[in-house]
Each structure stands twice: as C-alpha cells, then as structure tokens.
Amino acid sequence: MPRKICVTSVDGHTGFAIAELILQHRDFSRKVEAVVGLALNADSERAQELQSLGAQIVQHKPGRVREMVKALQGTGCDTICLVPPAHQDKYDICRELVEAAKKAEITNVLLLSSAGCDYATAEKQPRLREFIDLETLVLQCKGDASTPTGGSPCVIRAGFYAENLLLYEKMAKEESTLALPIGENHKFAPVALGDVANVAAHVLTGSGKHGFDDRHRGQMMVVTGPLLCAGEELATAASQALGADMKFENISEAEAKRILKSESDIDASEQQYLLEYYSLVREGKTNYIATTAFHDVTGEHPTEPTDFFTMYKSEMRPKKVAKRSHNCETKEQDPMVDDEIPIFGVNMCEHAYCLQTSPYLYSHDISSMLICADLEYLNGKAPYIENIWKVINWKDAERRYVGGREDVFKAFRSSI
C-alpha cells in the first residue's frame, strides 16, 4: 500500500531536502501516495517550490496539540518525519509534534537528531543536549500498546552538515581561507545534507510487517561523512576541488560567532547549536566516523569532502586566487608545463632582444601580449627584462589567473 508521508519543517534546509528527494526521485516517489509538508512559514520559497512539485503544504501553528492532531488526521498520513526546526522553541515544538503524532495514531515516526548529542552536557551544550530528550520522547513510544506510534520509531543522528561550511564562503572567496573554531588538531567528519536526506528517504519509503522496513524499524542510525578531517585536511580537500590554495585558520569562538551573526541569516538558536558543535570538536568528542548505516540503508558510498567542495565550487572558489602561482622555465618557446596553467610568458630567446632582429614584434606569445625589443637593448638581456613589465597586458594576465584552463588559450586560439 503506498505511503502517505508528512515531513515537518519543509521551509528549512533539511525538511525541504528530504521532501524534494522523495517527490523527484523515482525510487521513492513510486512508493508514495502523497507527501505533506508542515511549514512554520507556508509562504516561504521552499514551501512553495515543494507545492509546485506536488506536495500538500500545511501551515504549522505551534501552541495547541489539539489543533495539530486535527491537522495531522486531516492529511491522512501514516508516516511522519520529525525535523526539528531552526527555532528558539525547537524542543517545545517537537515535543508537541510527538504528542500529536501519538494522538493522531500515526504508525511510523522518524526523528532527525544530531550526532554528538550523547556527548553534550546540559551546562556546555544545552542546544545539542535537547536532542537526547527528543529521542527519548520518540523511542519511549516503542512497545507502548496504547498507541500505534509505538510500533515503528526510528532515529537518524546526522553529523555536522558540510553545508554549514558555506556560512564562511565570504572569507573563502576573499581571503582563500577556511576559518573554523575547531582547534588545530581535533577532527570531525562533515556529512553532506544530500546523504542524510538519502538515508531518510529510504527509511520513510521502506515498508515491513509492522510499518517501516524491519531493517530500519527501531534503529538508531548515526550518519557522518566518510573522512575524518582536521582543519588543514579540510583545506587540502577544498584546494583540490576548487583549484585554489586554501588555508585553514583556527579562529576563536567569539570570531566565529561574529561571522555567523553578520554573514548569515540563520536563527540565533541555530547559531548557538553550531558553536556548541564546534566546542565538541575542540573537546575531542567527534573523532569518529559512522558510515555503516549509510552503506547498509542506501547501498552507496557517502560524499567525499573533495566531491562536496566540487558541488559548491561557485560558492566557495576564491575570487582572486584560483591556483598556486610560481615562476617556471620551459624549453625554448614551449608554452606548457605538465597540467599547470600559464598566466603570461616572457620570450628569452636571443632573437627577442638581439640587434640582428630588433625591433622584434612577437605577437603570438602564450600570453597573447606584445613583447617588443628596441635597438637600444643591443644584446642586453638585463634592460630587456627590466622594461618587459611595461608592456605586459595585466588585465589579460589577471583573467587567466582567476579563470580556468580553458580561459588561458581562448584568446590565443582565436588569433591564429
């Protein structure tokens, strides 16, 4: 029997990603009769996009369990995906949803929780610790004969979303710097949001005798990325993907807080959550990888850091520095060195500055610039080099410095 799925917080990144994947991927959409999205802001761009894809959008009005029960019953959903919203009252909103799901007799409940919440303390990481309490609310229903909700609960503890790195894209673009308050040596394993959505979609659309697929029902799934990274290792992965020399900078928590506040529009409670997760990293409590659940549920391999940075190349690639630069020599007039990208070239052959051939006009140099030698140079290499900087086409050189490999030869090819 096709499943009717309700996904909460579809006006946020995670809820939207899960609902969109189910609606658009044939492996999931064919198993579903309907997708309902609960949204705190039903007029948001994400909610409207899901509606255009065929989802039913329901305005979520926290505060009264009775009205929420009525709304859930009205949708006819047998499955709910509880995605905690980025909201100051996240815990209260989710607690209300769990209670409403019980009273609406929704059979299957999937909670999106957070990896690391079991290491968090109420004093140091209260926002993270809230997830433990939410997990308790969902899992305590298991075995409760008074409600169908006790038959098929499941929890996914998602690791630190790699997409959170995009919050620092301004520094990445302007300073070629990946700035995080995680310490110099402690590691964590960022996971792509798409991978978490993939696991959730498999669980939500899987079916068994008692609701969810028996391989998923009652499971506590921890999903992190596949590579344990310190800051420098993340910067190396970014450098490889972006074609840039990215550097890691271990910034203070105060600086991270300032950046999150000034450069992003995320809720203050979500900013606090991120800062708390960084503190877990600094405490050495995130030095692990958990990819078994991802492999078992999806049969695939999670996104590597280099692949993640490649996906978001336009957001993260530095504006000014696209590659490591250095001087090199080539044999005679050979223009290329392995896979390196030439920015401009200087012809150092004798005929460029000798009396016999001066004045010399070399118009098809690798830099597509004009290198001229005047009679006054005679056979003098030094004055030739000294004056060459006056005729270099710096705008052309900058375009190649910032651009990709294809940009280097575009003007040159058009001229021959």
Side-chain angles (χ1 to χ4, degrees), residues 14 112-121 124-125 127-129 131-132 156-169 171-172 175-196 198-199 220-242 244-257 259-260 270-296 300-313 315-316:
T14 305
L112 262 291
S113 185
S114 174
C117 62
D118 48 338
Y119 290 107
T121 64
K124 290 183 178 181
Q125 297 98 7
R127 282 292 175 185
L128 261 170
R129 192 66 190 180
F131 284 99
I132 287 289
I156 295 176
R157 283 183 178 174
F160 181 89
Y161 286 148
E163 280 76 3
N164 288 322
L165 299 174
L166 300 178
L167 296 172
Y168 303 90
E169 66 177 84
M171 290 188 70
E175 303 176 28
S176 302
T177 299
L178 196 60
L180 295 169
I182 59 175
E184 296 289 349
N185 301 311
H186 291 304
K187 300 188 176 187
F188 66 132
V191 61
L193 173 57
D195 288 343
V196 175
N198 195 4
V199 175
M220 173 75 72
M221 303 179 183
V222 183
V223 181
T224 72
L227 185 65
L228 204 56
C229 300
E232 290 290 350
E233 292 162 322
L234 264 183
T236 297
S239 297
Q240 293 172 354
L242 305 178
D245 191 6
M246 300 291 293
K247 300 296 183 183
F248 166 67
E249 181 181 350
N250 176 35
I251 60 176
S252 67
E253 182 171 321
E255 177 69 4
K257 187 175 183 179
I259 294 173
L260 289 174
E270 190 69 5
Q271 294 178 23
Q272 183 181 347
Y273 164 81
L274 291 175
L275 293 172
E276 289 178 8
Y277 197 96
Y278 294 140
S279 72
L280 279 188
V281 179
R282 295 194 300 272
E283 292 171 8
K285 296 178 179 178
T286 60
N287 290 331
Y288 63 88
I289 294 173
T291 56
T292 302
F294 184 88
H295 285 292
D296 290 349
E300 302 169 11
H301 184 72
T303 304
E304 295 283 348
T306 50
D307 295 328
F308 169 80
F309 285 116
T310 298
M311 284 191 295
Y312 290 97
K313 197 169 186 176
E315 286 88 345
M316 297 290 286

If you look at every heavy atom in P302 and T291, which pair is closest and at what distance? CG-CG2, 3.9 Å
Does the side chain of S114 come under 3.5 Å of the side chain of Y273 through a donor N or O and an acceptor N or O? yes
Those residues that, when tested against K285, pass side chain to side chain contact (heavy atoms under 4.5 Å, CB included) (two or more places apart): Y119, L280, E283
For I182 and F248: C-alpha separation, side-chain torsions, deciding distance, then whether side-chain contact (heavy atoms from CB on, under 4.5 Å) applies. CA-CA 10 Å; I182 59 175; F248 166 67; 3.9 Å; yes
Set of residues satisfying side chain to side chain contact (heavy atoms under 4.5 Å, CB included) with respect to N164, sequence neighbours excluded: F160, Y161, L167, L274
Applying side chain to side chain donor-acceptor pair (under 3.5 Å), name anything that partners N198, two or more places apart in sequence or on another chain. H202, E300
Which atom pair, heavy atoms only, marks the closest approach of A115 to Y288? CB-OH, 3.7 Å
Specify the closest pair of heavy atoms between T306 and T310, including all atoms of both residues, with the distance to one decimal. O-OG1, 2.8 Å
Could you tell me which residues satisfy side chain to side chain donor-acceptor pair (under 3.5 Å) with S279, sequence neighbours excluded, listed by chain and number? Q125
SG (C229) and CD (E304) are apart, to the nearest 0.5 Å, by 8.5 Å
Nearest heavy atoms of F131 and S113, plus distance in Å: CB-OG, 3.4 Å
Got a donor-acceptor contact below 3.5 angstrom from the R282 side chain to the G183 backbone? no
Heavy atoms, side chains only, cut-off 4.5 Å: are D307 and M311 in contact? no
Can you sort out the partners of A256 under side chain to side chain contact (heavy atoms under 4.5 Å, CB included), two or more places apart, ordered by chain and number? Y168, P181, I251, L275
Can you sort out the partners of E233 under salt bridge (Lys or Arg N to Asp or Glu O under 4.0 Å), two or more places apart, ordered by chain and number? K187
Check salt bridge (Lys or Arg N to Asp or Glu O under 4.0 Å) between K247 and all other residues, then give those that pass, not counting sequence neighbours. D245
Who are the ring-ring contact (aromatic ring centres under 6.0 Å, His included) partners of Y312, not counting sequence neighbours? F308
Is a donor on one side and an acceptor on the other found under 3.5 Å between the side chain of T177 and the backbone of M171? no
Provide the closest heavy-atom pair for G225 versus I289 in the form atom of the first, atom of the second, distance. O-CG2, 3.4 Å
Using the test salt bridge (Lys or Arg N to Asp or Glu O under 4.0 Å), find all partners of E255 that sit at least two apart in sequence or belong to another chain. R258
Determine, stepwise, if the pair M316 / L166 fulfils side-chain contact (heavy atoms from CB on, under 4.5 Å). CA-CA 7 Å; M316 297 290 286; L166 300 178; 3.6 Å; yes
Nearest 0.5 angstrom please: L178 CG to N250 CG, how far? 11.5 Å
Taking salt bridge (Lys or Arg N to Asp or Glu O under 4.0 Å) as the test, write out the residues that go with D118, two or more places apart. R157
Rounded distance (nearest 0.5 Å) linking atom CE of M246 with atom CD of E175: 10.0 Å
Going through the checks in order, is the side-chain contact (heavy atoms from CB on, under 4.5 Å) test met by T286 and H186? CA-CA 8 Å; T286 60; H186 291 304; 6.0 Å; no
Spatial distance of atom CG (L227) from atom CZ (F188) [nearest 0.5 Å]: 10.5 Å
Is S239 reaching over with its side chain to a backbone N or O of A244, donor-acceptor style, under 3.5 angstrom? yes
Among pairs that include at least one residue of residues 160-169, which meet salt bridge (charged side-chain N to carboxylate O under 4.0 Å, His left out), considering only residues two or more places apart or in two chains? none
Sequence-distant partners of N185, side chain to side chain contact (heavy atoms under 4.5 Å, CB included), two or more places apart: none
Walk me through it: do V281 and L180 pass the test side-chain contact (heavy atoms from CB on, under 4.5 Å)? CA-CA 11 Å; V281 179; L180 295 169; over 6 Å; no
What's the shortest heavy-atom distance between L128 and A120, and which atoms? CB-CB, 3.7 Å
